[in-house]
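Taking it in order: structure first as structure tokens, then the write-up.
Numbered from 1 within each chain, the chains take letters A, B, ... in sequence-line order.
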Number of protein chains: 2
Amino acid sequence: MTTGTLVPVFAALGDETRWSILAALGEGDASASALAGRLPVTRQAIAKHLAVLQEVGLVEPIRVGREVRYRVLGSRLGETARRLEAIGAEWDRRLAAIKEIAEGL
Amino acid sequence: MTTGTLVPVFAALGDETRWSILAALGEGDASASALAGRLPVTRQAIAKHLAVLQEVGLVEPIRVGREVRYRVLGSRLGETARRLEAIGAEWDRRLAAIKEIAEGL
DNA sequence: TCGACATGCAACCTTAGAGTTGCATTAACT
DNA sequence: AGTTAATGCAACTCTAAGGTTGCATGTCGA
């Protein structure tokens, strides 16, 4: 699995429209044109967003005849979540250690 | 705990400089001025970033005399991670369901 | 009280990105 | 082959965000 850098993934997840796209894809794989029918933005705008999502591995393109359907990669979301969880835990550990020191234990 | 919207948190985490700040704060609480001494950006730029991080609950201000130190809230990172994990799991469940249907099970 | 250091506020610059329109291209289907 | 519907590419607009400089305000300490 492409464990690329984490920050761009968060940047990709930091946009409401992209979450709308992900939500729409949750109903089933769909093409940029199909998504444009359901969302209040242009097909080209959606195409750009899909490119961003694909870039960070959150989505996968699948050619079906003359169209390109996209599928959400839940595993990537899970992987990102686990890495974030690890970082959060690390901070808690540090805070606990600092607290002990502060309390003279 | 302020379980505000998720997207702004990701947007906040989607910037390299802010991660630098979080990393620096990992060494211990620090003020904007102190951070400016360690990072290649202005104090004011850091102040803006800290405002953003505080806005989404990733950081907490603590007045210490005439200065304002900031502390990372690891719990917020953990909370965000769990919510993302849940979403990822949900997607995996959907994909599994779709696969079953596709295979005629 | 006065100087030094820290924060707060405001105006400004510059670029990245979200969105648009328009056109070219490719590929399915009759 | 020709039509239709999809994608791909390019240029353009506009706003928000990251960053800067400058100055005002506030507060600790000698």
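A:Ala32 comes within 4.0 angstrom of sugar-phosphate atoms only, judged by non-hydrogen atoms across all strands, and of no base.
B:Glu67 has its CD atom 11 Å from the P atom of D:dG29, to the nearest Å. Between the CG atom of B:Leu35 and the C1' atom of D:dG18 there is a distance of 17 Å, given to the nearest Å. As a whole-Å value, the separation of A:Glu55 CD from C:dG17 P is 12 Å. Between A:Arg69 atom CZ and C:dA28 atom P the separation is 13 Å, expressed in whole Å. One atom, CG of A:Leu50, and another, C1' of D:dG8, lie 14 Å apart when rounded to the nearest Å. The CD-C1' distance, from B:Gln44 to D:dG22, rounds to 9 Å in whole Å. Here D:dT20 presents its C1' atom at 16 Å from CG of B:Leu39, a figure rounded to the nearest Å.
Open room surrounds CD on A:Glu55; 12 or fewer heavy atoms of other groups in view lie less than 6.0 Å from it.
The side-chain heavy atoms of B:Phe10 and A:Asp15, taken from C-beta on, include no pair separated by under 4.5 Å. Residues B:Trp19 and A:Ile87 are in side-chain contact: their nearest non-hydrogen atoms beyond the backbone lie under 4.5 Å apart.
The base of D:dG19 is paired with the side chain of B:Lys48 by a donor and an acceptor separated by under 3.5 Å.
DNA chain D is contacted by both A:Ala47 and B:Pro40; A:Ala47 maps to the nucleotide lying nearer its 5′ end (nearest heavy atom per residue). Comparing A:Val52 and A:Arg66 against DNA chain C, the residue whose closest nucleotide sits nearer the 5' end is A:Val52.
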Should A:Glu67 and A:Arg69 be marked as a salt bridge (charged side-chain N to carboxylate O under 4.0 Å, His left out) after you check the CA-CA gap, both sets of side-chain angles, and the distance that decides it? CA-CA 6 Å; A:Glu67 64 183 317; A:Arg69 304 241 179 94; 3.2 Å; yes

Quick one, A:Glu79 with A:Arg76, criterion salt bridge (charged side-chain N to carboxylate O under 4.0 Å, His left out). Give me CA distance, side-chain angles, the key distance, then yes/no. CA-CA 5 Å; A:Glu79 178 202 352; A:Arg76 188 80 168 118; 2.8 Å; yes

Under the criterion salt bridge (charged side-chain N to carboxylate O under 4.0 Å, His left out), I'd like the reasoning laid out for A:Arg93 against A:Glu90: C-alpha separation, chi angles, the key distance, then a yes or no. CA-CA 5 Å; A:Arg93 194 188 58 70; A:Glu90 174 69 8; 2.9 Å; yes

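Side chain of B:Ser31 to main chain of B:Ala34: a donor-acceptor pair is present (N/O by atom type, distance under 3.5 Å, no hydrogens or angles).
For DNA chain C, no neighbouring residue in residues 10-25 of chain B is found when judged by any heavy atom under 4.0 Å.
In this model, the phosphate group of C:dG19 is approached by a side-chain N or O of A:His49 to a distance below 4.0 Å at OP1 or OP2.
Here C:dG8 is the nucleotide among C:dG8, D:dG8, C:dG19 with the atom lying nearest to any side-chain atom of B:Arg43. Out of C:dA11, C:dA6, C:dT20, the shortest distance to the side chain of A:Val41 is found at C:dT20. Nearest nucleotide to the side chain of A:Thr42, out of C:dT20, D:dT20, D:dA5: C:dT20.
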